[in-house]
2 protein chains.
Amino acid sequence: MPTVSVENYLKAILHLEEGEEGRVSTTAIAEKVGATPASASAMMSRLGDRGWVEHERYYGVSLTEKGQRIAMEILRRHRLWERFLVDHLGFEWDQVHEIAEELEHVDSRELVNRLDAFLGFPKLDPHGDAIPGPNGRFRSVAARTLLAEAPRNLDLVVVGVVDGGDAFLRHLGVLGIELGSRLTVMERHSFDGSLHVRFADVDELQLLAPSVCARLWVDQSNPAPVIVFPENDPPS
Amino acid sequence: MPTVSVENYLKAILHLEEGEEGRVSTTAIAEKVGATPASASAMMSRLGDRGWVEHERYYGVSLTEKGQRIAMEILRRHRLWERFLVDHLGFEWDQVHEIAEELEHVDSRELVNRLDAFLGFPKLDPHGDAIPGPNGRFRSVAARTLLAEAPRNLDLVVVGVVDGGDAFLRHLGVLGIELGSRLTVMERHSFDGSLHVRFADVDELQLLAPSVCARLWVDQSNPAPVIVFPENDPPS
DNA sequence: TTAAATTTTTAGGCAAGACTAAACAATTTT
DNA sequence: AAAATTGTTTAGTCTTGCCTAAAAATTTAA
Ligand SMILES: [Mn+2]
Ligand SMILES: [Mn+2]
Ligand SMILES: [Mn+2]
Ligand SMILES: [Mn+2]
């Protein structure tokens with residue numbers, strides 16, 4: 001029965017662990033939860049006592065099996081609630097994070113599973129992030145690339161955002177980019193990595209700053225497959 | 001920006017104030033929130049400092065205008081979430097209280113108003129209790145009577161329960177009683193106030209204990225009105 | 001109108017979680 | 001290798017909210 005604060009810390013550590021190798025630093029955690037390093041340090045020893053993190057003094061922490069299970073559960077709730085807010089209450093994707101940040105702490109196994117069913121067992125949240133299943137593992141590991149690293153001349157589709165703060169999401173709105181937007185990389189400028197892209201529904205080329213390209217997940221957009229009818233029936 | 005604990009205390013005081021005259025006792029509040037009188041006493045002076053209750057030492061408290069506004073907002077959230085849980089997630093009415101007790105503390109004006117709209121601006125929660133509107137006042141003051149005090153030989157309909165703990169709600173399930181059940185009081189037994197009633201959908205008379213009759217709100221069931229067509233047009 | 005019983009408040013502690021300032025350890029620079 | 005910088009922990013303090021035990025006020029009973 002972790003408190004709200006403990007749940008926020010565990011989720012922060014989970015976020016910081018993915019991608020980065022090894023242990024997570026106290027200062028990074030403090031920054032993520034909006035507290036001082038001193039407060040985070042105190043919390044780490046409490047989390048260590050309860051067996052939710054492994055704490056090597058002066059070298060950071062990593063989640064234990066138990067801690068990870070809890071963190072994944074919070075993440076699951078967060079992302080399911082975000083889906084609910086967008087799909088059923090008509091919120092925009094840049095308005096739901098803060099509210100989900102509170103809803104995720106409502107503790108009822110039954111509630112979250114019924115919500116999951118009500119939403120149709122979604123695999124992705126409104127920002128394109130995978131939603132953990134009731135077992136605490138992700139339902140699908142989608143193959144995705146950062147737009148910044150995508151090859152040219154491919155039909156791409158935006159499938160997610162990296163660490164999407166509300167300001168960034170609103171900026172995407174200004175640029176006319178949303179989940180599902182289709183585009184092609186025409187030119188990559190080696191000076192700063194900015195890209196000239198062409199959107200499927202726009203005529204002119206558009207320039208995207210590297211700060212944007214590094215935060216967009218894209219996938220190859222499956223073109224409507226060309227179905228070739230065989231001239232003869234295949235052998236059964 | 002009250003804390004969860006403060007919100008629970010304010011709501012408890014609101015509940016205790018209705019019906020009872022004058023101030024609410026520290027001990028009653030303590031019992032309602034599940035704390036000791038000493039803890040409640042300490043909380044009362046904190047609430048007094050913030051201007052949410054009027055505290056007359058040794059004589060109890062009453063909500064101020066401000067305190068009442070906050071408490072009504074919590075009550076609104078609680079009952080809206082109960083509606084959501086029953087109407088959309090398929091919970092039974094005896095399973096939702098505890099979960100709503102947590103959801104009510106999620107603090108977002110926008111969220112609660114959109115939820116209200118999503119639910120179709122309901123007037124009553126699943127237990128028949130009125131849901132406060134965004135202005136903090138009840139939307140409708142339904143005319144209702146306790147079954148224990150209802151006259152005989154009237155077509156009645158169950159419109160609500162008084163202070164419905166889960167145990168009582170499950171007992172109603174055993175008796176086959178739910179919101180909307182139609183019944184008529186056939187006999188009132190002066191010994192202990194128990195009633196013989198006839199349910200609209202059952203043949204035999206059924207005996208209801210006073211503990212049940214005192215906790216059921218009933219209203220006269222409007223029989224499908226007999227429409228009398230005038231022989232002549234009324235004078236305009 | 002005292003005395004007994006009940007209710008309420010106060011006193012003294014404790015745990016969680018936050019902060020600032022200071023000490024300490026690790027890492028980088030010089 | 002020593003010095004400076006950076007990151008982490010410790011020390012000391014605060015607030016909220018809870019507890020038990022004891023004191024004080026109020027209510028009830030004798
Ligand atoms: Mn949160
Ligand atoms: Mn998200
Ligand atoms: Mn509550
Ligand atoms: Mn209710």
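To find a chain, count down the sequence lines: A is the first, B the second, and so on, and within it residues start at 1.
- Distance from the side chain of B:Tyr58 is smallest to D:dA25 among C:dA21, D:dA25, D:dC18.
- In the displayed structure, B:Glu31 atom CD is contacted under 6.0 Å by at most 12 heavy atoms of other residues, nucleotides or ligands.
- Taking 4.0 Å as the cut-off between side-chain N and carboxylate O, A:Arg77 and A:Glu73 count as a salt-bridged pair.
- The nearest whole Å value for the distance from the CD1 atom in A:Ile29 to the P atom in C:dG17 is 15 Å.
- Nearer the 5' end of DNA chain C, as judged by each residue's closest nucleotide, is the contact made by B:Ala40, out of A:Arg50 and B:Ala40.
- Checking C:dG17, C:dC19, D:dT10 against the side-chain heavy atoms of A:Ala35 singles out C:dC19 as nearest.
- Rounded to a whole Å, the NE2 atom of B:His55 is 14 Å from the P atom of D:dA25.
- Of the listed nucleotides (C:dG17, C:dC19, D:dC18), C:dG17 has the atom at the smallest distance from the side chain of A:Ser5.
- For the pair B:Glu110 and A:Gln95, the minimum side-chain heavy-atom distance is 4.5 Å or more.
- For C:dC24, the OP1/OP2 oxygens have no side-chain nitrogen or oxygen of A:Arg57 closer than 4.0 Å.
- Note on A:Ser39: a base of the nucleic acid sits closer than 4.0 angstrom, heavy atoms only.
- Looking at the side chain of B:Ser41, the nearest of the listed nucleotides C:dT10, C:dT20, D:dG17 is C:dT10.
- Within the 4.5 Å cutoff, the side chain of A:Arg57 has no heavy atoms near those of the A:Ser45 side chain.
- Atom CD in A:Glu7 sits about 15 Å away from atom C1' in C:dA16, given to the nearest Å.
- Between B:Met43 atom CE and C:dT10 atom C1' there is a gap of 17 Å when expressed in whole angstrom units.
- Nucleic acid contact for A:Thr36: base, since at least one base atom lies under 4.0 Å from a heavy atom of the residue.
- Using a 4.0 Å heavy-atom criterion, one finds that B:Thr3 contacts the sugar-phosphate atoms exclusively.
- Rounded to an integer number of Å, the gap from CD of A:Glu56 to C1' of C:dA26 is 13 Å.
- Atom CZ of B:Arg215 is surrounded by 12 or fewer heavy atoms from other residues, nucleotides or ligands within 6.0 Å.
- In this structure, A:Leu47 atom CG and D:dT9 atom C1' are separated by 16 Å, rounded to whole Å.
- The distance from atom NE2 of A:His105 to atom P of C:dG17 is 12 Å, rounded to the nearest whole Å.
- Of all nucleotides listed (C:dG17, D:dG17, D:dT20), D:dG17 comes nearest to the side chain of B:Arg46.
- Nucleic acid contact class of B:Ser25 (heavy atoms, under 4.0 Å, all strands): sugar-phosphate only.
- In this entry the distance linking CE of A:Met1 with P of C:dA15 reads 18 Å, nearest Å.
- Among the nucleotides D:dT27, D:dT10, C:dA26, the one closest to any side-chain atom of B:Tyr59 is D:dT27.
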